[in-house]
There are 2 protein chains.
Amino acid sequence: MGLREPFDDAGECGLPSALEAIGERWSFLILRGAFNGLHHFEEFQSALGIARNILANRLGRLVEHGILTRTPLADDRRKIEYRLTEKGAELLPVVVGLRQWGERWGSGIPSTPVLVDKRDEQPIRPIRIMAHDKRELALADLCWKQAADIRPLEEPVRAAIAA
Amino acid sequence: MGLREPFDDAGECGLPSALEAIGERWSFLILRGAFNGLHHFEEFQSALGIARNILANRLGRLVEHGILTRTPLADDRRKIEYRLTEKGAELLPVVVGLRQWGERWGSGIPSTPVLVDKRDEQPIRPIRIMAHDKRELALADLCWKQAADIRPLEEPVRAAIAA
DNA sequence: TTTTTTCAGTTGCATCTTGAAACCAATCAT
DNA sequence: ATGATTGGTTTCAAGATGCAACTGAAAAAA
């Protein structure tokens, strides 16, 4: 499909490869649909209003990247079921984070439905940067460090965290 | 620029408006650059290898959306400084989450530099979905609920959490 | 002061991607 | 067998992106 230069040389980090997989128009919304329980071509098509050729292309790409599986159903082989893989499911924090940001800063419409903890039916906590010990960190608490220069935690500390 | 239909009618949630602001090619990488301390046109251009016209367009768009500010420097008025606003800074969890995902599932190159907690210089915790009380939640622990059907926590519980 | 360089963009044009609508091939229901 | 449903292709117009060359204002050098 694309002959344009892939992002992959754009720096020493995982972002380019992530964008290669889900950085195109509609991919995020297709993922949101998948998380919301859509599984079939026509469901995505009518829920999102996306053009059929683009939808076919994006689903195919997500499958290629191992984010969705594509399975013809046994009892009606016209129907194809798209499902999130584990790899795909791990995009949930990103999708939710972006959604929360859009809700807070964009058109402030409260989203519905809302993602809740099954156990107590309370909404999840906003997606945030946290320290290893779960303190929330603001921009001012952060800095960048070369991976090679990071010292592992000493054992007592590790044990205390694991407990 | 774009006359194509905006995403805004694609569902009852904040994602479409977020994508409207930062969903285009390069926007995420420009943001990563900003978080990494890039501030000038030529810095972004040479760091990312992006075409100048596209870069100009994206920076303009990010400024329009209140994600970056654009300030000519007082002591050299050729130089324009781009800086993240609070709104822009709050995209950090999303950018980092996507980067972590790409690192874990894509080309498994460990990213450098790494975001660390200034206090102890330890890397931040992976971005995850958490319950209001900071338990980590997996997909199986979650479900969707209509916003209207959610009952607020009772006071004693709230107090305990706040403490 | 004139000349050169730097910075932050524009402009024009070729190429690639997206979108709308019509078309198609299996498969299933009657 | 006939028609409807599902999940796509195909075609073509319109929009977005990329490259290279150009511009204009401001600073630095000569």
Side-chain angles (χ1 to χ4, degrees), chain A residues 1-10 16 19-30 33-34 37-65 68-83, chain B residues 1-10 16 19-30 33-34 37-65 68-83:
Chain A
M1 204 203 159
L3 294 195
R4 65 184 169 186
E5 171 134 356
F7 286 121
D8 292 335
D9 52 355
L19 293 171
E20 203 59 32
I22 57 161
E24 290 152 304
R25 192 168 156 82
W26 292 110
S27 298
F28 263 96
L29 290 171
I30 291 172
L38 305 185
H39 297 294
H40 297 283
F41 189 96
E42 305 291 339
E43 289 175 345
F44 285 106
Q45 204 282 315
S46 66
L48 302 182
I50 179 177
R52 308 177 68 80
N53 53 346
I54 304 299
L55 178 57
N57 177 287
R58 293 301 182 276
L59 288 171
R61 195 190 238 309
L62 292 172
V63 170
E64 272 177 34
H65 280 87
L68 296 177
T69 56
R70 179 188 185 281
T71 326
L73 290 190
D75 62 331
D76 181 347
R77 284 199 319 256
R78 285 172 308 180
K79 288 193 181 166
I80 304 279
E81 196 180 56
Y82 290 98
R83 277 194 176 280
Chain B
M1 204 198 165
L3 294 194
R4 64 183 169 188
E5 170 131 359
F7 286 123
D8 292 334
D9 51 355
L19 292 171
E20 202 59 31
I22 57 159
E24 289 152 306
R25 192 168 156 82
W26 293 110
S27 298
F28 263 97
L29 290 171
I30 290 171
L38 305 184
H39 297 296
H40 297 283
F41 190 96
E42 305 290 341
E43 288 175 345
F44 286 106
Q45 205 281 317
S46 66
L48 303 181
I50 179 177
R52 307 177 67 82
N53 53 344
I54 305 300
L55 177 56
N57 176 285
R58 292 302 181 276
L59 288 172
R61 194 188 239 306
L62 292 172
V63 170
E64 271 177 33
H65 280 88
L68 297 177
T69 56
R70 179 188 185 281
T71 326
L73 291 189
D75 62 331
D76 180 347
R77 284 199 317 256
R78 287 172 308 180
K79 288 193 183 166
I80 303 276
E81 195 180 57
Y82 291 97
R83 279 195 176 277

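FYI, side chains are in, hydrogens and waters are out, and symmetry mates aren't considered; it's all heavy atoms of this structure. Small disclaimer: the values here were computed from a predicted structure and weren't measured. Order of the sequence lines sets the chain letters (A, B, ...), proteins ahead of strands, with each chain counted from 1.
By the 4.5 Å heavy-atom criterion applied to side chains, A/T71 and A/I80 are not counted as neighbours.
Contact detail for B/V63 and B/T69: the closest heavy-atom pair is CG2-C, 4.4 Å.
Straight-line distance from the CD1 atom of B/I80 to the P atom of C/dT6: 18 Å, rounded to whole Å. In this structure, A/Q45 atom CD and D/dG7 atom C1' are separated by 11 Å, rounded to whole Å. B/F44 has its CZ atom 17 Å from the P atom of D/dG18, to the nearest Å. Rounded to whole Å, atom P of C/dC7 lies 16 Å from atom CG of B/L59. One can place CD1 of A/I50 at 16 Å from C1' of C/dA21, the figure rounded to the nearest angstrom. Rounded to whole Å, the distance from CG on A/N53 to P on C/dC23 is 16 Å. Atom-to-atom, CG of A/L62 to P of D/dG8 comes out at 13 Å; the value is rounded to the nearest Å. Look at CD on A/E43: it is 16 Å from C1' on D/dG8, rounded to the nearest Å.
Of all the residues in residues 68-79 of chain A, A/D76, A/R77, A/R78 reach under 4.0 Å from DNA chain C with at least one non-hydrogen atom.
The side chain of B/R58 contributes an N or O atom lying less than 4.0 Å from OP1 or OP2 of D/dT17. A/R25 has a side-chain polar atom (N or O) that falls below the 4.0 Å cut-off from OP1 or OP2 of C/dG19. A/W26 has no side-chain polar atom (N or O) that falls below the 4.0 Å cut-off from OP1 or OP2 of C/dT17. Under 4.0 angstrom from either OP1 or OP2 of C/dG9 there lies at least one side-chain N or O belonging to B/Y82. Distances shown here put a side-chain N or O of A/H40 below 4.0 Å from the OP1 or OP2 atom of D/dG7.
Ring planes of B/F28 and A/F28: parallel class, angle under 30° (limits at 30 and 60°).
For the pair B/K79 and B/E42, the salt-bridge criterion is not met [side-chain N within less than 4.0 Å of a carboxylate O]. Taking a cutoff of 4.0 Å between a charged side-chain nitrogen and a carboxylate oxygen, A/E64 and A/R58 do not qualify as a salt bridge.
Residue side chain A/R52 does not reach the base of C/dG19 through any donor-acceptor N/O pair under 3.5 Å, judged by distance alone.
If B/H39 and A/G49 are placed on DNA chain C by their nearest nucleotide, the residue sitting closer to the 5' end is B/H39.
The side chain of B/E24 lies closest to D/dT17, out of D/dG7, D/dT17, C/dA21. The side chain of B/A51 has D/dC19 as its nearest neighbour among C/dT10, D/dC19, D/dT17.
Checked against side-chain hydrogen bond (donor to acceptor under 3.5 Å, both in side chains), B/E81 has the following partners two or more places apart in sequence or in another chain: B/R83.
Of the possible polar contacts, one joining the B/Q45 side chain to the B/I50 backbone as a donor-acceptor pair under 3.5 Å is found.
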